[in-house]
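Letters A, B, ... mirror the listed sequences (proteins, then strands); counts begin at 1. Since the model is a prediction, treat every value here as computed from it, not as a measurement.
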Protein chains: 2
Amino acid sequence: MASSTEQKVLEPAAGPAEAEALGFRPLYRQVRDRLIRRLVDGVWSPGEPLPSEIQLAAELGVSQGTVRKALDAMAAENLVVRRQGRGTFVARHDEERIMFQFFKLVGDDGARSFPVSTVLSLSQGRSNARERQALGLSKDARVIRIRRLRSIAGRPAIVEDITLPEAMFPGFAGMEIPNNLYGLYAMHFGITIASTREQLKAVAISEVDAVALGAPAGTPALKIDRLALSLERQPVEWRVSVCLTDQLHYLSELR
Amino acid sequence: MASSTEQKVLEPAAGPAEAEALGFRPLYRQVRDRLIRRLVDGVWSPGEPLPSEIQLAAELGVSQGTVRKALDAMAAENLVVRRQGRGTFVARHDEERIMFQFFKLVGDDGARSFPVSTVLSLSQGRSNARERQALGLSKDARVIRIRRLRSIAGRPAIVEDITLPEAMFPGFAGMEIPNNLYGLYAMHFGITIASTREQLKAVAISEVDAVALGAPAGTPALKIDRLALSLERQPVEWRVSVCLTDQLHYLSELR
DNA sequence: AAGTGGTCTAGACCACTTC
DNA sequence: AAGTGGTCTAGACCACTTC
């Protein structure tokens, strides 16, 4: 029972000054932060089970209920998946999950088919001003640039320009580029995309995009400007997708 | 303590056959459903406080923890607002809330200004096939149709076609049409919009929309096809908005 | 049968608001 | 000081999965 008058603290995770500035910080929050720390450090890999609630509670010196609250919060953030009778697992970035979590384009017939991708170009170099602004990079930072065409049901539908901070992806250039990039980030670089911020606009497609998509220049298209953030809320990827929406739409469900 | 081997049930809310089909239905779920029932019945009005957790627990014959879990679920669904030290309140459909919850258009400078609206036309009549399909209406159902122009920062930006089932909005024709329709639905008709499903496409604006918006026909625009659902998940409003996105964008944040 | 997460209770104490 | 929701604990039992 919490019978002292002091707030229970797991460890001096934050410096004393910082702790004061933060004010009250519940135990389950501290547990969550520590478990996320471990996810970031790769203590458990995607798909692997975490220790059971009882084990974690014993190890951290808190009640099972507090661990449960921390894990429930992490499940709500899509960082872990809980399965009754089986355990709690580190979330995986496989196609199924990505499809529902971050890929919002749906066929007008309701079909959710994951697009097939063809890389059009891959390069590395000094970042320009817009790239630095989007990704929050410093002046001399270098970036990796990928341009690819994505087809849905055999039909070119999306051209994508992807920009990555080179420093976060050492050895990227020599790799095979898979269709599902977020899975690659997780598997080979230990980077988990935890959230995205998308800005949508309607545009007329440019000459160069028109060629790639096989549609007349000037055709209206949906431009999706996406910034993807890591678990630590650090910008990881900037992606601009130009989508033909004559046979598909962007689905947004709000509550 | 739950020492019997039977599942605790609040009341025969669901018929026996239905209960079997549903399988296990936790107590807090039953509490939530009963409280939502009361919201639907207008037992408490938007902005009003609910009884305290302790009072509800005593009244319903469950523990405070179970009531808390039900109220937390309702807060996650944006049906109530919880304020430490003050109480739990029925969510209100005022501009601030709508702005963040359902209105996703943001100025490119980051400003979230709620648009000013001008009604272009208002009519009632027999529903057509598309309207019936969108709203799930029967063959002879009548609808109310509103067309309006919305301006942001003094600039025409959106033309909207709104369709409502006439049966759900008796006396609507004689009313003043406010800028915030969802507030009107809540206040005068006891209908709370609990969720929406939006489908976005890029289109070229039609001649008639071009006139309303003061832009050349063929200009690319964002078409938002929105279905709004009540607390009981019944379709309440079908709204098609055509938006000029040269100075604003649709913001979607995914986790 | 054993182990996991899920539900439910009871009770203590805390943070915050209002009077 | 009194009342509210928020946190935390301990413990019982349930639903579900695996062996």
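- Between the CD atom of B:Gln64 and the P atom of D:dG6 there is a distance of 10 Å, rounded to whole Å.
- Taking atom CZ of residue B:Arg25 and atom P of nucleotide C:dC8, one finds them 11 Å apart after rounding to whole Å.
- For the pair B:Arg29 CZ and D:dC14 C1', the computed distance is 18 Å after rounding to whole Å.
- Consecutive Watson-Crick or G-U pairs involving DNA chain D, each under 3.5 Å on both distances, make up stems of three or more pairs at C:1-18 with D:1-18.
- Atom CG of A:Leu27 is separated from atom P of D:dT7 by 11 Å (rounded to the nearest Å).
- Below 30°, between 30° and 60°, or above 60°: for B:Phe169 and B:Phe172 the angle between ring planes is above 60°, a perpendicular geometry.
- A heavy atom closer than 4.0 Å to some atom of DNA chain C occurs in B:Lys69, these being the qualifying members of residues 67-80 of chain B.
- The CZ atom of B:Arg239 lies 9.0 Å from the CD1 atom of B:Ile158; values are rounded to the nearest 0.5 Å.
- In this structure, CZ in B:Arg226 is found 7.0 Å from CG in A:Leu254, a value given to the nearest 0.5 Å.
- Applying the 6.0 Å contact sphere to CD of A:Glu48 captures more than 12 heavy atoms from other residues, nucleotides or ligands.
- Of the inter-residue distances, the one linking B:Leu229 atom CG with B:Thr196 atom OG1 reads 8.0 Å to the nearest 0.5 angstrom.
- Salt-bridge check for A:Arg32 with A:Glu77: passed, with a basic side-chain N closer than 4.0 Å to an acidic carboxylate O.
- For the pair A:Arg83 and A:Phe89, the cation sits on the ring face: its NZ or CZ lies under 6.0 Å from the ring centre, inside 45° of the axis.
- Applying the 4.0 Å criterion to OP1 and OP2 of D:dT7, one finds that A:Thr66 has every side-chain N and O outside that range.
- Two residues are said to be in side-chain contact when any heavy atoms from C-beta on lie closer than 4.5 Å; B:His93 and B:Ile193 meet this criterion.
- No donor-acceptor contact under 3.5 angstrom links the side chains of A:Arg97 and A:Asn78, judged on distance only.
- Partner of B:Val43 under the side-chain contact (heavy atoms from CB on, under 4.5 Å) criterion, out of B:Asp41, B:Val40, B:Leu39: B:Asp41 alone.
- A:Ile162 has its side chain out of reach of A:Trp238: every pair of non-hydrogen atoms, C-beta onward, lies at least 4.5 Å apart.
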Between the protein and nucleotides 2-4 of chain D, are there any N/O to N/O pairs under 3.5 Å, and if so, what are the atom names and distances?
unit_1: D:dG3; atom_1: N2; unit_2: B:Gly85; atom_2: O; d: 3.0
unit_1: D:dT4; atom_1: O2; unit_2: B:Gly85; atom_2: N; d: 3.1

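- Considering only the side chain of A:Arg82, C:dG5 comes nearest among D:dC8, C:dG5, C:dT9.
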